[in-house]
*Asks:* 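This is the structure, below, for whatever I ask next.
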Amino acid sequence: MSIHVIKVIDGAPETPLPNNLQKVDLRSLQLGFDHVNRYFQGTVILSYPLTKLGNGTEFFKAVLQELENPCLRTSTINILFFGKLAQGCAKVVQQGDTLVVSGFKLAKSSSAGEDDRHCCHLEVSEETGANIYVCISLINTLNNTSPSTHPVVPKYTYTPLNHLKDGTVVNLYGAVKFFKPPYVSKGTDYCSMVTIVDQSNVKLTCMHFNASLDALPKIYKIGDIVRFHRIKIKEYNGQIQGITSAGFASLTFDGTVGAPMVPRASSKLYTFTDEDRKIIEELRIWVTSNLSNSGPTVKLSDVQSMMFFDLTCQLIGKAKVDGSSLLLKVWDGSKCPFSTWKVLVKESDLEGDSFLIHQLRFFTVDILVYDNHVQLAKSLKVGSFLRIFSLHIKQHALENQPDGFCLEFHLHGGTGYGRGIMVLPESNTDVKELKVCQQLSVTVLTEHQHFDVTALNTVLNSLAPQQYHIRAKLRKFEPQKLYQSVKLYCPKCNSLQEVPDGDDFNLILQDALATGPNPDLQESSLYESVLWDTENQGQRQIAVYFVKHGELLKSPEESLIMIEGKIIKYYIYCLGVIPVRSTDDDLVLLDLSAPFLLQGKLRHYGCKHCSNPKTIESLRSLAAQEQPSWDPTNIAEALGIVPLQYVFVMKFTLDDGTGTLDAYLFDYEEFFQISASEVLFSNILQESMKRIMNTLCPSGKTLGNLPWLECFIKSYYVREGIEQQVHYQIFDTMIAEDI
DNA sequence: TTAGGTTTAG
């Protein structure tokens with residue numbers, strides 16, 4: 001008695017099989033015949049765990065299939081191993097191996113007539129003097145590229161669907177026309193159903209049962225291609241149908257022409273040959289013109305009331321509701337344009353990352369799952385990727401709002417129309433796509449959310465002017481220095497200029513100081529003045545004029561003041577300071593290179609081209625009011641000044657993988673939520689800006705690791721010499737609240 | 001054994 005493990009190389013056994021034996025086929029295996037010096041050869045299609053019999057003897061059972069006639073109804077036979085042989089074989093024998101068995105005993109099978117196998121089984125043990133040759137099948141899987149291994153592959157034949165006969169066990173290929181994802185049956189197993197069709201245009205509905213979800217065919221969508229081995233054909237209600245039989249195994253492939261041929265297998269070991277490849281390629285081509293696919297994938301962003309659809313999503317949260325329903329909070333990377341119904345549950349009942357649930361609260365939808373789906377839904381892990389089939393959307397009228405409504409999402413009980421839930425692996429292409437969509441943008445649109453996203457290459461190839469919703473990453477930006485990005489803009493002549501620095505201002509003030517205040521202008525019904533002697537500057541004086549309100553003088557904190565000569569520190573406590581100089585007749589504004597108004601640290605400038613400065617007397621009408629409004633706009637208007645506005649002007653180089661374009665950002669404070677006029681003198685705001693830019697465009701990261709920016713941009717023509725160039729500008733876009 | 005295509009009605 002012995003077990004021989006034989007590697008098969010180049011189609012030939014590494015060590016020779018004994019040549020004194022004669023091969024016997026299944027038909028010749030009959031009780032009462034002499035099987036001494038005979039051997040039986042078959043492929044292991046199934047094996048069971050090693051167990052012990054009541055008397056303590058080790059026991060191991062496997063099912064062998066005859067290679068020559070794999071499609072015959074009874075091409076398989078049970079083989080029972082006892083004692084040390086059971087122990088030894090259980091260790092080495094795997095599904096797909098070929099066994100050569102001699103010295104066996106033939107006995108009537110106890111399951112004869114029930115399992116469509118041979119009416120007898122083989123018994124092998126030390127006592128029978130058995131010899132077992134285990135030919136290790138070096139399976140020709142897709143990943144096996146070793147040239148030295150030659151597979152021992154059982155030769156499978158596949159029956160076209162128009163040649164099926166009741167009562168046979170066959171191997172099939174077909175394209176999925178309809179399917180129900182696995183659901184919990186009322187028996188002991190999961191059940192799934194699939195209707196397949198092939199080039200003969202004949203349909204076959206197949207039922208699959210297994211206690212393990214993994215052992216059922218992994219069908220994700222209509223058009224997938226399946227290969228079934230050892231499926232039993234039976235008649236039911238006058239129609240032929242397929243049903244799992246012992247040793248059933250399946251492979252499923254994406255049905256798209258040109259897609260990678262990666263099998264989703266129901267068992268660890270499987271064969272895959274060039275012939276399989278050819279069959280799949282042919283079926284894929286047939287599918288494109290003969291099978292209507294499931295239609296465009298519906299995302300949460302394109303749902304409508306009263307529809308049934310399949311949703312690919314991620315499970316964010318889960319909660320029990322009552323005995324017959326369960327709540328699933330899911331997200332698919334897009335945003336539903338309608339308000340959606342939120343199911344009230346106790347926070348303690350909600351499973352999932354509460355921070356994430358809160359963060360995604362405007363993106364997730366609540367799905368109520370009913371009846372038979374509850375059991376499967378309970379076992380779903382938060383974070384897993386799901387496809388929910390035949391999800392129903394209902395409109396729910398809102399109380400107190402005659403035309404208001406929100407959408408309810410229901411997965412009703414039953415399995416009609418393939419209703420159900422399936423977990424998708426992370427390797428699934430739809431899951432990969434969903435993960436990309438799920439990356440939250442660091443910017444959001446303030447308007448236009450309903451615009452579809454346009455790829456940058458489309459934008460680049462289109463005529464201007466147009467507006468686009470784009471999604472891209474920030475490759476680089478200019479200028480790098482924050483102070484260089486703040487400019488002064490004239491909304492009247494559209495000119496841009498640099499913000500003057502403090503030194504320019506001081507020079508202008510020095511000039512004014514040289515002349516000195518005009519003594520004739522110190523008395524006025526508009527103001528009261530105080531003269532100060534400057535320190536260390538001889539006779540020169542500084543004049544401070546306090547503007548009266550309705551001819552009353554208020555406290556300095558409530559006053560607008562004018563200063564001639566030098567800006568003294570305490571001006572920051574006033575409502576505002578207007579730097580002035582004296583002429584022979586009037587107090588007038590300084591050169592417009594200087595600010596026309598100071599408020600705290602903020603300097604207001606006027607446009608040199610568009611302003612028509614008036615004398616300070618022009619403030620009289622404003623000052624005449626009892627409660628004058630000294631805001632910069634009113635003051636500028638009274639003084640004939642067109643005020644300049646502080647803006648951020650930056651150039652963003654955006655990239656979405658399809659193309660790259662430079663878009664200008666022209667922003668007062670909407671985009672950054674930081675005022676361009678205040679940022680120059682606030683360290684806190686400058687730090688916020690740095691932090692934002694570092695989030696948008698972190699240094700040292702590859703494009704793939706950069707965050708997405710959701711932007712609204714417009715294209716426009718700019719004349720440069722005789723040529724027109726298309727430029728792009730970002731607008732109606734802002735930094736997301738939570739970055 | 002189970003389910004066996006054709007939407008729940010919450």
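To find a chain, count down the sequence lines: A is the first, B the second, and so on, and within it residues start at 1.
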*Asks:* At under 4.0 Å between heavy atoms, how does the protein contact nucleotides 4-10 of chain B? Give one character per nucleotide, 5' to 3', with B, S or -.
*Replies:* BBBBB-B

*Asks:* Kindly indicate whether the side chain of A:Ile225, heavy atoms from C-beta on, has any atom under 4.5 Å from the side chain of A:Tyr173.
*Replies:* yes

*Asks:* What I want to find out is whether A:Lys221 reaches A:Asp310 closely enough, with some N-O distance under 4.0 Å, to be called a salt bridge.
*Replies:*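 No, A:Lys221 and A:Asp310 are not salt-bridged.
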
*Asks:* Looking at the angle O4'-C1'-N9-C4 for a purine or O4'-C1'-N1-C2 for a pyrimidine, is B:dT6 syn or anti, with syn meaning within 90° of 0?
*Replies:* syn

*Asks:* Parallel under 30°, tilted from 30 to 60°, perpendicular over 60°: which one fits the rings of A:Phe309 and A:Phe409?
*Replies:* perpendicular

*Asks:* Which of parallel (below 30°), tilted (30 to 60°) and perpendicular (above 60°) describes A:His410 and A:His412?
*Replies:*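 Geometry flag for A:His412 against A:His410: parallel rings.
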
*Asks:* Do A:Phe82 and A:Phe59 have their ring centres less than 6.0 Å from each other?
*Replies:* yes

